[in-house]
Number of protein chains: 2
Amino acid sequence: MKLTPSAYLTLGMIRLGARSGYAIKKAADLSTRFFWPTSLAQVYPELARLVQAGLLTRTEDHQGARERFAYELTERGEAALEDWLRASHEAPTQFRDESVLRLFFADALAEQDQLALVRRLREQVRGVAAHTSGEIVPLAEALESSGGTRFPALVARLRADTYAFVEQWLEQLEADLEP
Amino acid sequence: MKLTPSAYLTLGMIRLGARSGYAIKKAADLSTRFFWPTSLAQVYPELARLVQAGLLTRTEDHQGARERFAYELTERGEAALEDWLRASHEAPTQFRDESVLRLFFADALAEQDQLALVRRLREQVRGVAAHTSGEIVPLAEALESSGGTRFPALVARLRADTYAFVEQWLEQLEADLEP
DNA sequence: GTGTGCATGTAAGGAGTTACATGATTGC
DNA sequence: GCAATCATGTAACTCCTTACATGCACAC
């Protein structure tokens with residue numbers, strides 16, 4: 001039984017304290033979405049598969065008339081997660097960015113339009129950097145001080161710092177392109 | 001008629017001098033693959049669509065008994081490419097990286113295993129950085145000095161520098177994690 | 001009382017990958 | 001002679017997204 005990264009995302013989020021499918025999706029949108037997006041239409045079937053496979057338990061946890069299920073890791077589920085974390089597989093990075101694709105082909109433009117393209121790209125990158133350091137890092141740091149999990153904050157900082165670096169790089173490029 | 005980024009990739013590669021579907025795919029594997037991967041099973045139908053739409057012409061260009069077709073941009077094709085380059089759409093970046101996902105959940109591991117995970121990740125990143133600066137950048141720079149197209153080289157350098165930055169960041173993290 | 005958030009799921013469709021299928025040319 | 005590269009395409013499948021469908025709880 002081979003599990004996909006999305007399955008491990010599910011297991012990992014439950015290990016970090018998410019109990020419902022909804023909570024997993026919500027947590028993912030604030031953290032892992034940037035390097036592993038997911039959707040509810042993925043989460044629910046995945047939960048069902050993992051229960052089927054004996055890696056999760058599902059118990060009723062209804063709130064009055066509103067239905068809710070609480071998931072927990074079984075021993076085998078915990079072991080599966082840790083095995084995956086320890087494994088040294090080659091995981092090919094998937095990256096798709098239309099903006100960079102445009103930058104790649106920018107020679108087709110007149111100089112002023114090239115400059116405009118770079119400027120737009122830098123502003124996009126600046127926005128991501130600001131959002132990451134302003135919103136995502138603080139959330140992850142709250143988790144760090146409350147729960148003792150440090151890696152979510154590390155990953156958030158890595159992202160913030162990387163985007164800040166790219167922003168500087170593009171700023172320099174912009175300066176070089178200016179007439 | 002709305003075109004996908006893959007369509008613009010196709011147009012762009014032809015503008016840079018690729019003539020056959022095979023050549024487009026080959027060029028993409030050495031350049032755009034890192035931010036917009038493609039495959040022959042995408043390229044061929046895309047070429048057919050673009051010919052159909054009047055953005056490309058297709059002419060026979062057989063080499064003896066081996067069949068080959070040469071594609072060229074029509075005026076409308078060139079205009080479509082340039083419009084896309086000038087447009088300022090929000091292009092959501094798609095990024096999927098199982099290694100970062102593992103890093104995110106690394107709190108589940110014992111300290112020595114956390115260190116091993118970071119070390120592996122750094123080595124992966126180092127490999128990418130080395131490949132990019134050693135193989136991809138020189139190729140793009142050759143294009144730059146021969147043909148006057150500078151943006152492919154800029155994009156390659158951006159990638160090389162970014163990965164070098166991430167490698168340093170992880171090196172620092174590794175040092176911090178060491179007992 | 002109404003909008004936002006919590007909560008669970010299914011169905012249809014799209015985008016992209018791998019595998020299949022075929023064959024010529026070139027360099028060693 | 002044989003392997004790698006050039007060259008064109010199709011078919012099946014997988015993964016993921018968007019849209020659909022439904023309803024409770026809580027705060028304002």
By nearest-nucleotide position on DNA chain D, the 5'-leaning member of A:Glu67 and A:Leu40 is A:Leu40
- Item | D:dC16 OP1/OP2 closer than 4.0 Å to side-chain N/O of A:Ser6 | yes
Exercise. For D:dA7, does either OP1 or OP2 sit under 4.0 Å from a side-chain N or O belonging to B:Arg19?
Worked result: no
One would report the end-axis bend of the helix from C:dG1-D:dC28 to C:dC28-D:dG1, five pairs per end and rounded to 10 degrees, as 40°
ask   = Quick one: is D:dT22 close enough that its OP1 or OP2 comes under 4.0 Å of any side-chain N or O from A:Arg66?
value = no
| message | Between B:Tyr22 and D:dT8, is there a contact of a side-chain N or O with OP1 or OP2 at under 4.0 Å? | response | no
Is the count of non-hydrogen atoms from other residues, nucleotides or ligands lying under 6.0 Å from A:Arg96 atom CZ greater than 12?
-> yes
- Message: Whether B:Arg58 contacts D:dG9 is assessed here as follows: a side-chain N or O lying under 4.0 Å from the phosphate OP1 or OP2. Is that the case?
- Response: yes
- prompt: So does A:Glu72 have more than 12 non-hydrogen atoms from other groups sitting under 6.0 Å from CD?
  reply: no
* So, is A:Ser39 near the phosphate of D:dT17, with a side-chain N or O under 4.0 Å from OP1 or OP2? -> yes
Item to check | Salt bridge flag under 4.0 Å for residues A:Arg119 and A:Glu171 | outcome: no
- Got a salt bridge between B:Glu123 and B:Arg120, using NZ or NE/NH1/NH2 to carboxylate O under 4.0 Å? no
